[in-house]
Amino acid sequence: MHELAVTEKILDIVVKHARMNRVNKIRSITLKIGEMSDIENEWIQHYFDYLSKNTVAEGTVLKIEKTPIVLKCNQCQRTIEISKAKLGEVVCPGCSGRKDFSIVSGREYFIKEMEAE
Amino acid sequence: MDAIKLIEVKEDILADNDAAARELRLKLKSQNTLLINLMASPGAGKTSLLLQTIGELKNAFRMAVIEADIDSTVDAEKIAATGIESIQLRTGGFCHLDVAMVKKGLEAIDTPSLDIIIIENVGNLVCPAEFDTGAEIDVMILSVPEGDDKPLKYPLMFSKCHALLVNKTDLMPYTDFNMALLHERVRKLNPDIHIFEISCKTGEGIIAWTDWLKQSVEDFVKN
Ligand SMILES: Nc1nc2c(ncn2[C@@H]2O[C@H](COP(=O)(O)OP(=O)(O)OP(=O)(O)O)[C@@H](O)[C@H]2O)c(=O)[nH]1
Ligand SMILES: [Mg+2]
Ligand SMILES: [Zn+2]
């Protein structure tokens, strides 16, 4: 739902990197976004198209890699990859524990790389 | 023709906000002001809880409220009627608060040496979960009519909060809300969370919550 705020940040960061690397046009940007966030790929691209007009990032394609949700069972230390839909029903395959998990990954918002010329 | 270059960016999109949040937390710590971020769906009872909380604590602590409700002053006026200073942030259509907005609110507060400042965040269980506000304590309300399945739909919110207030317990007889199942679902996401069952209408459970808050202020000042 806050794709607009996230998109503004992405644009700031890539424009800065374009300047640092003295490139004139960004072709694509690869983002790593955790499965747990509710970001909609389509909307990010929409907002990006709108915000990036007349910048080095105009017309850039956003490639979004989703990073999986990984939990760690705090009883037996096993890590478990899980879908968002199953989060509330996790049972540890190691110790059958149902209660005590911490989040290892799945919350990230990361700009990995970009192609530019 | 220019060659295509691959540039490694490797930047966290939320890094600026996270850094600003850390800085704000340190500053507030040095002033012994406890900042609390209150989140919930529209209508879950944020303002009602603020009114109850202020009623219980305003003689013991110096308090203020930052209201983030979308361009109306309804909530801010209700708070102001208690004699507690309340700042209305103009969030427009924004779906969450970030540190920059919270700082604007803090700057606008006139009352000196506050013990507790509570932010009523924008009504929504998605976006506020992802943006650090600089608050020391994150609290959420889930109201009974919303259903016991919300931890399944908004796991991030439930996993990041220090306390969950289950409000409108007076409506339990009229719904199929399963309190035990809710506790189980929430604990799975967040084993350390403090859960309070409350009704802002009858006042049930409010004291347990305000006692916890009092203790939190004492611990905060001590550490
Ligand atoms: N039955 C019942 N109603 C409640 C309770 N707490 C709040 N309400 C009612 O729920 C409605 C919404 O309460 P508010 O406190 O305005 O909720 P809010 O989360 O601040 O709402 P927004 O700021 O508009 O998102 C009001 O009509 C309250 O009177 C409760 O414990 N029981
Ligand atoms: Mg309100
Ligand atoms: Zn286990």
Side-chain angles (χ1 to χ4, degrees), chain A residues 1-14 16-18 20-39 69 71 74-75 82 84-92 97-103 106-117, chain B residues 1-18 20 41 91-101 121-132 147-160 181-193:
Chain A
M1 280 167 89
H2 46 261
E3 280 80 356
L4 188 56
V6 167
T7 312
E8 280 173 348
K9 272 269 157 242
I10 297 171
L11 185 62
D12 284 351
I13 293 171
V14 297
K16 180 184 79 186
H17 280 263
M20 282 174 357
N21 287 278
R22 300 208 178 84
V23 292
N24 301 313
K25 177 156 181 51
I26 303 172
R27 298 275 288 258
S28 75
I29 300 166
T30 307
L31 306 173
K32 289 178 79 158
I33 297 183
E35 283 287 357
M36 234 188 229
S37 86
D38 284 271
I39 288 285
I69 301 172
L71 304 178
N74 293 325
Q75 281 165 37
I82 187 147
K84 192 176 163 192
K86 289 275 160 60
L87 260 179
E89 278 132 31
V90 200
V91 179
C92 173
R98 287 166 164 277
K99 287 211 160 74
D100 197 2
F101 299 99
S102 43
I103 300 167
R107 298 183 56 163
E108 36 287 281
Y109 272 101
F110 194 74
I111 308 177
K112 190 177 161 195
E113 60 196 20
M114 62 195 207
E115 289 179 313
E117 60 191 71
Chain B
M1 276 271 293
D2 286 335
I4 292 188
K5 254 197 193 168
L6 186 67
I7 299 168
E8 298 213 339
V9 179
K10 290 201 173 136
E11 276 204 45
D12 191 327
I13 297 170
L14 303 179
D16 283 355
N17 190 60
D18 287 350
S41 304
T91 52
F94 238 60
C95 55
H96 64 274
L97 287 182
D98 62 12
V99 180
M101 289 187 266
N121 211 316
V122 182
N124 144 11
L125 292 178
V126 181
C127 314
E130 305 206 63
F131 289 81
D132 197 335
D148 52 32
D149 60 348
K150 292 302 163 288
L152 306 179
K153 296 187 177 173
Y154 308 100
L156 195 56
M157 178 62 80
F158 286 86
S159 66
K160 87 168 237 172
L181 183 59
L182 176 84
H183 278 249
E184 192 186 309
R185 284 170 169 164
V186 172
R187 289 258 174 259
K188 218 169 264 178
L189 295 167
N190 186 344
D192 300 324
I193 196 167

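Chain naming here is simple, since letters A, B, ... match the order of the sequence lines and numbering starts at 1 in each.
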Write down the atom of B:D12, the atom of A:Y109, and the distance for their closest heavy-atom approach.
OD1-O, 3.0 Å
Mind checking whether B:D16 and A:K9 have side chains closer than 4.5 Å, heavy atoms only?
yes
Rounded to the nearest 0.5 angstrom, the CD1-CD distance for B:I4 and A:E117 is 5.5 Å
If you count heavy-atom pairs within less than 4.5 Å of chain B, which of A:V90, A:I10, A:I33, A:I69 leads?
A:V90
Select, from A:K32, A:K86, A:R27, the one with the greatest count of heavy-atom pairs under 4.5 Å involving chain B.
A:R27
Carboxylate-amine/guanidinium proximity below 4.0 Å for A:K16 and B:E11:
yes
Below 4.5 Å from any heavy atom of chain A, which atoms of B:A15 appear? Answer side chain, backbone, both or neither.
neither
From B:I7 atom CD1 to A:T30 atom OG1, the distance as rounded to the nearest 0.5 Å
11.5 Å
Looking at B:H96, B:R185, B:K10, which one has more heavy-atom pairs under 4.5 Å with chain A than the rest?
B:K10
Nearest-0.5 Å distance, CE of residue B:M157 to CE of residue A:M36
13.0 Å
With a 4.5 angstrom heavy-atom cut-off, could you sort out which part of A:I13 is near chain B: side chain, backbone, both or neither?
side chain
Output the option from A:R107, A:M114, A:E115 having the highest count of non-hydrogen pairs under 4.5 Å with chain B.
A:M114
Please evaluate residues B:E8 and A:K112 with respect to the criterion salt bridge (Lys or Arg N to Asp or Glu O under 4.0 Å), reporting the C-alpha separation (whole Å), side-chain torsions for both, the decisive distance (0.1 Å), and the verdict.
CA-CA 6 Å; B:E8 298 213 339; A:K112 190 177 161 195; over 6 Å; no
Check whether A:I29 gets within reach of chain B through its side chain, its backbone, both or neither, counting any heavy atom under 4.5 Å.
neither
Select, from A:K84, A:K25, A:M20, A:E108, the one with the greatest count of heavy-atom pairs under 4.5 Å involving chain B.
A:K84
Taking the side chain as C-beta and beyond, is there a heavy-atom pair between A:S37 and B:L156 under 4.5 Å?
no
Need one label for A:V23: side chain, backbone, both or neither, based on atoms under 4.5 Å from any heavy atom in chain B.
side chain
If you take all heavy atoms of A:A5 and B:F131, which pair is closest and at what distance?
CB-CZ, 4.4 Å
Least distance between heavy atoms, B:K5 atom then A:N21 atom:
NZ-O, 3.0 Å
How many angstroms lie between OG in A:S102 and CG in B:N190, if you round to the nearest 0.5 Å?
10.5 Å
By ring pair (Phe, Tyr, Trp, His ring centres under 6.0 Å), A:F110 pairs with (sequence neighbours left out) none
